[in-house]
Amino acid sequence: MRVAIGSDERSHLTKTIVKDVKRLGHSVEVFGSIANRQEYWPAVAEQVASRVAEGDVDEGILLCWTGTGVCMAANKVPGVRAALCEDAETARGARLWNQANVLCLSMRRTAEVVAKEIVESWFGTKYQANREDDSCLAQLGAIEEKYLR
């Protein structure tokens with residue numbers, strides 16, 4: 001799987017996440033400070049989200065201090081379903097029921113061991129098509145379409 005990872009800050013956590021995603025067998029494309037480019041979180045989030053929406057990568061991971069900024073920015077890109085996850089179970093639910101395709105993390109609140117659990121849960125969980133969740137995702141798509149006009 002191809003994964004885009006971006007952050008407006010470079011830290012031991014961002015290095016660990018890139019390493020863990022590669023350890024799981026995925027190829028990684030980096031953005032923002034991880035790629036030695038000093039950019040603010042909206043620009044980094046847009047770059048990663050665009051790569052996901054256009055199908056250039058399969059999934060995205062974004063980090064900023066709280067995680068909320070990159071999550072909001074990524075969700076502005078049509079076709080992106082970004083989820084701010086603080087634990088492995090939330091990541092599992094975001095994938096299983098919401099078909100999330102961009103994982104957002106808080107650099108302030110996410111310990112490295114927790115980040116590893118979240119990443120493993122994220123990549124270990126796939127969307128399970130079913131009538132109820134398919135209907136909810138269709139409604140989500142209709143909301144997105146309504147405001148694209």
Is it true that [X] and [Y] make a salt bridge, defined as a side-chain N closer than 4.0 Å to a carboxylate O?
X: R92; Y: E120; answer: no
X: E29; Y: R2; answer: no
X: R95; Y: E59; answer: yes
X: R131; Y: D134; answer: no

Can any side-chain N or O of [X] pair as donor or acceptor with the backbone N or O of [Y] at less than 3.5 Å?
X: N130; Y: E132; result: yes
X: T125; Y: S121; result: yes
X: T14; Y: R10; result: no
X: R81; Y: Q99; result: yes
X: D58; Y: M1; result: no
X: T16; Y: H12; result: yes
X: N101; Y: G79; result: yes

State, to 0.1 Å, how close [X] and [Y] come at their nearest heavy-atom pair, and which atoms those are.
X: V52; Y: G60; value: CG2-N, 3.6 Å
X: W122; Y: A100; value: CH2-CB, 3.5 Å
X: S33; Y: Q38; value: OG-OE1, 3.5 Å
X: A74; Y: V102; value: CB-CG1, 4.5 Å
X: S106; Y: L84; value: N-CD1, 4.3 Å

Under 4.5 Å between any side-chain heavy atoms of [X] and [Y], yes or no?
X: P78; Y: V80; answer: no
X: V3; Y: V57; answer: no
X: I34; Y: I5; answer: yes
X: V21; Y: F123; answer: yes
X: Y127; Y: D133; answer: yes
X: L105; Y: L62; answer: no
X: K116; Y: R23; answer: yes
X: R51; Y: F31; answer: yes

Can you establish whether the number of heavy atoms outside [X] located under 6.0 Å from its atom [atom1] is more than 12?
X: R109; atom1: CZ; value: no
X: K126; atom1: NZ; value: yes
X: E46; atom1: CD; value: no

Please round to the nearest 0.5 Å and tell me the distance separating atom [atom1] of [X] and atom [atom2] of [Y].
X: Y40; Y: C64; atom1: OH; atom2: SG; result: 14.0 Å
X: E9; Y: R108; atom1: CD; atom2: CZ; result: 12.5 Å
X: E117; Y: D87; atom1: CD; atom2: CG; result: 9.0 Å
X: N98; Y: T90; atom1: CG; atom2: OG1; result: 10.5 Å
X: L103; Y: I61; atom1: CG; atom2: CD1; result: 5.0 Å
X: D8; Y: M107; atom1: CG; atom2: CE; result: 7.0 Å

Cluster check [X], [Y]: I/L/V/M/F/W/Y, side chain < 4.5 angstrom:
X: I118; Y: W65; value: yes
X: V48; Y: V30; value: no
X: L13; Y: V113; value: yes

